[in-house]
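Quick note on labels: first sequence line is chain A, next is B, and so on, each numbered from 1. Everything quoted here is computed from the prediction, not taken from an experiment.
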Amino acid sequence: MRTRRPGQARQDPTGAGQLLYNSKVDAPSRIMPPSYIDPKQHLTGLLRQALAQVAPQADLSVELERPKQASHGDWASNLAMQLARGLKRNPRQVAADLVAALPVSEWVARVEIAGPGFINFHLKPALWQRLPAHILSLGAEYGRVDLGGGERIQVEYVSANPTGPLHVGHGRGAAYGASLANVLTYAGYDVTREYYVNDAGRQMDILAVSTWLRYLELTGETVPFPPNAYQGGYVRTMAASIHALHGDRYRRSRAEVLNGVPPIPGAEDYAQRPDAKDAAEAALDALIAAAKRLLGQDYDYFHGYALEEQLGDCRNDLTEFGVTFDHWFSERSLHEAGLIDRAVELLRHKGHIYEQDGALWFRSSAFGDEKDRVVRRENGQYTYFAADIAYHINKFERGFARVIDVWGADHHGYVPRVKGALAAAGYDPERLTVDLVQFAVLYRNGQKVSMSTRAGEYVTLRELRQEVGNDACRFFYVLRKSDQHLDFDLDLAKSQSTDNPVYYIQYAHARISSVLAAWGGMEGDLLDADASLLTHPDEMALLKRLAEFPETIASAAREHAPHLVAYYLKDLAAALHGVYTTCQFLVEDEALRLARLQMIAATRRVLRTGLGLLGVSAPDKM
RNA sequence: GCCCCCGUAGCUCAGUGGAUAGAGCAUCCCCCUCCUAAGGGGAGGGUCACACGUUCGAUUCGUGUCGGGGGCGCCA
């Protein structure tokens with residue numbers, strides 16, 4: 001990723017030869033690329049000094065913003081207006097005092113007082129012109145900010161039940177979580193990516209039984225297949241594999257299986273009669289019990305086989321999607337290690353657990369939840385919530401300063417109780433942030449693609465990826481704020497046209513690569529280019545856009561908003577396409593040629609870095 | 001009933017309390033003898049749902065109303 005390999009001496013245009021690399025002779029400033037100063041930091045420093053003179057007692061943080069309008073300068077401050085109230089003076093007069101107290105700076109072209117009291121800074125072009133060399137020397141490090149200070153933070157995302165293929169809803173959580181984790185890492189956090197595997201619950205039992213029932217069909221036993229069991233074709237596939245491996249070894253007669261099992265409702269009843277749903281659940285539970293009884297140890301084989309198969313499929317799917325994890329955390333391990341007992345015991349010890357109707361309840365209403373919640377059912381089984389309490393306590397016991405859960409928005413009612421449990425256990429619930437990701441709705445030919453999870457009528461993530469490609473998928477998923485519904489336009493995502501923002505950005509990258517290839521030189525040779533030749537308005541616009549990258553990263557990390565990176569890249573690509581049409585790069589004049597190539601090489605670097613954070617490839621040819 | 005999200009151009013959406021509210025698409029008009037036209041330039045298009053409040057200043061914050069979407073189990 002580095003643009004200059006260590007030890008590789010670059011061409012020396014001055015003819016001074018090795019002296020450039022002799023630190024005893026040369027001052028560091030001659031070796032290093034021209035220094036670049038972050039303009040916002042610089043101006044903030046100037047304003048702070050002015051503030052200390054004008055109003056030493058004022059307790060104000062100095063804020064700077066990029067004005068929307070170019071005539072308002074490069075950066076603007078509202079400091080005078082904020083100050084005016086406390087001083088009971090005219091804001092424009094305060095602004096004048098501040099400007100008079102500003103230290104002299106070699107980077108400031110002029111300062112103006114405008115409107116109700118804004119202080120507008122116009123910077124010298126030289127500042128922006130130094131940016132490309134700065135970017136090239138930093139390589140992939142340009143844009144990295146130290147917001148996190150190395151703080152340990154965990155991001156848990158996807159965490160779908162391994163009971164079937166991931167669908168397009170999971171895809172959004174995957175893309176969002178992965179991009180967020182990338183951004184946070186880039187913003188200086190020590191990030192751990194985790195997937196919570198629900199390998200202990202009833203859903204897994206249903207999958208195991210579904211597989212066994214399909215297996216029985218292959219052995220010739222026709223046991224009715226419950227409408228609320230897993231209908232997908234992948235269940236038949238697993239059953240066929242098991243049958244191929246073990247023949248009729250796990251066959252039990254229809255009579256044995258159905259002994260003691262209440263009538264299983266048909267699919268029509270299930271869909272139409274409300275009471276059939278309860279009957280179906282009861283029948284399914286009875287079938288699970290029958291399977292465990294009849295198969296004994298072999299039940300674990302079915303359970304384990306289905307789990308490994310589905311989890312493996314899920315992992316492959318995500319890996320192909322560029323979504324990876326540091327830990328796959330097993331819910332079952334919580335049970336086996338006794339952590340759930342311990343967590344409930346901890347809450348009980350602190351007086352937040354009571355018994356009623358044979359069940360154990362957590363007094364979550366005392367912690368902001370609307371009602372109390374069961375942690376252990378009458379039948380002695382822990383609820384999913386109990387496991388989640390133990391899991392979240394475990395997260396903090398592992399030393400994470402902060403924890404982010406990425407959940408589907410349908411779980412929003414779950415947030416208060418988990419936070420409540422953490423508070424009850426003695427942890428500051430503010431250390432947990434739950435990012436709720438809204439649903440994605442697919443559109444094809446302007447029509448909503450209908451999906452129902454039941455009966456396997458849904459579009460899988462794999463199908464979506466195959467249809468529109470990984471790059472467009474990743475990009476479209478994070479194009480909207482996560483807490484907003486996403487209309488995923490399949491036709492747009494697939495179109496290789498100007499409408500498609502993914503191609504728009506990738507095309508900017510490919511165009512630069514193409515020009516640099518035509519030039520034929522090494523990126524490292526561009527470090528010494530005379531960037532003061534970059535004076536065209538479109539060039540300046542591009543340079544200023546490049547300068548915004550680090551702050552974009554900081555905002556995206558602070559607000560958990562990877563879509564800001566996507567929008568930034570669109571703007572950056574637009575600036576590049578603008579320069580591309582107005583300014584020829586491979587011009588006769590060598591100095592100008594190198595300066596422009598330096599600029600676009602730096603642009604390519606930022607495009608590549610930004611796309612990388614979103615998990616989108618940066619092709620050299622399209 | 002309670003809770004969450006949303007309401008910004010014809011459509012899809014950006015917009016950390018600031019100045020004349022932006023982008024893409026769609027519509028209309030231009031630009032390839034030229035490093036990739038998967039590109040660029042221009043025009044039209046707005047009561048930032050509505051009301052009140054906080055503020056020097058509100059699309060942004062608060063309350064309410066209206067409208068749209070979603071969620072509320074001893075399921076996971």
Checklist entry - If the P atom of A49(B) is compared with that of A14(B), how far apart are they to the nearest Å? => result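 Per the computed distance, 14 Å lies between those P atoms.
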Next on the checklist: Between C50(B) and U55(B), how far apart are the two P atoms, rounded to whole Å?
Outcome noted: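 My reading of the P atoms in C50(B) and U55(B) gives 23 Å.
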[N] - base-pair partner by Watson-Crick or wobble geometry, distances under 3.5 Å:
N      : result
A38(B) : none
G57(B) : none
G73(B) : none
A19(B) : none
U47(B) : none

Checklist entry - Any sub-3.5 Å donor-acceptor pair from D471(A)'s side-chain atoms to S617(A)'s backbone N or O? => result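 Yes; judged by distance alone, with no hydrogens or angles, the pair exists.
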Next on the checklist: Is it the case that the ring center of Y176(A) lies less than 6.0 angstrom away from the ring center of Y477(A)?
Outcome noted: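 Ring centroids of Y477(A) and Y176(A) are no less than 6.0 Å from each other.
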Are OP1 or OP2 of [N] and a side-chain N or O of [X] less than 4.0 angstrom apart?
X       : N      : answer
Y504(A) : G40(B) : yes
R66(A)  : U16(B) : no
K68(A)  : A21(B) : no
K481(A) : G15(B) : yes
Q484(A) : G69(B) : no
R377(A) : A76(B) : yes
R92(A)  : C56(B) : no
K621(A) : A38(B) : no
R511(A) : A37(B) : yes

Mind calculating the distance between [atom1] ([X]) and [atom2] ([N]) to the nearest angstrom?
X       : N      : atom1 : atom2 : answer
I600(A) : C35(B) : CD1   : C1'   : 8 Å
K570(A) : G39(B) : NZ    : P     : 13 Å
Q506(A) : A38(B) : CD    : P     : 15 Å

Checklist entry - Between D205(A) and K292(A), is the closest basic N to carboxylate O distance under 4.0 Å? => result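 D205(A) and K292(A): salt-bridged.
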Item to check | Presence of salt bridge, E523(A) and R605(A), under 4.0 angstrom | outcome: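 No salt bridge links R605(A) with E523(A).
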Checklist entry - What do you reckon, do H72(A) and the base of A19(B) stack, with centroid distance below 5.5 Å and planes below 30°? => result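 Base of A19(B): stacked against H72(A).
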Checklist entry - Can you find a donor-acceptor pair, distance only, under 3.5 Å between N78(A) side chain and G18(B) base? => result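 Yes.
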Next on the checklist: Any donor-acceptor pair, under 3.5 Å, between the side chain of D571(A) and the base of A14(B), if you only look at N and O atoms?
Outcome noted: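 Such a pair does not exist between side chain and base.
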Checklist entry - Out of curiosity, T383(A) OG1 to R373(A) CZ, how far, rounded to the nearest 0.5 Å? => result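 Atom-to-atom, T383(A):OG1 and R373(A):CZ are 10.5 Å apart.
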Checklist entry - Near RNA chain B, which residues from residues 537-569 of chain A have a heavy atom under 4.0 Å away? => result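 Within this stretch, H563(A), L564(A), Y567(A) sit under 4.0 Å of the strand.
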Checklist entry - C35(B), A38(B), G18(B): which one has an atom nearest the side-chain heavy atoms of Y503(A)? => result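 When the side chain of Y503(A) is considered, A38(B) is the closest of C35(B), A38(B), G18(B).
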Item to check | side chain to side chain contact (heavy atoms under 4.5 Å, CB included) between L166(A) and V158(A), worked out | outcome: CA-CA 9 Å; L166(A) 297 170; V158(A) 188; 4.2 Å; yes
Checklist entry - Passes side chain to side chain contact (heavy atoms under 4.5 Å, CB included), L79(A) versus E63(A)? Steps please. => result CA-CA 7 Å; L79(A) 188 59; E63(A) 302 291 339; over 6 Å; no
Item to check | For C32(B), glycosidic torsion class - syn if within 90° of 0, otherwise anti | outcome: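 The base of C32(B) is oriented syn (glycosidic angle within 90° of 0).
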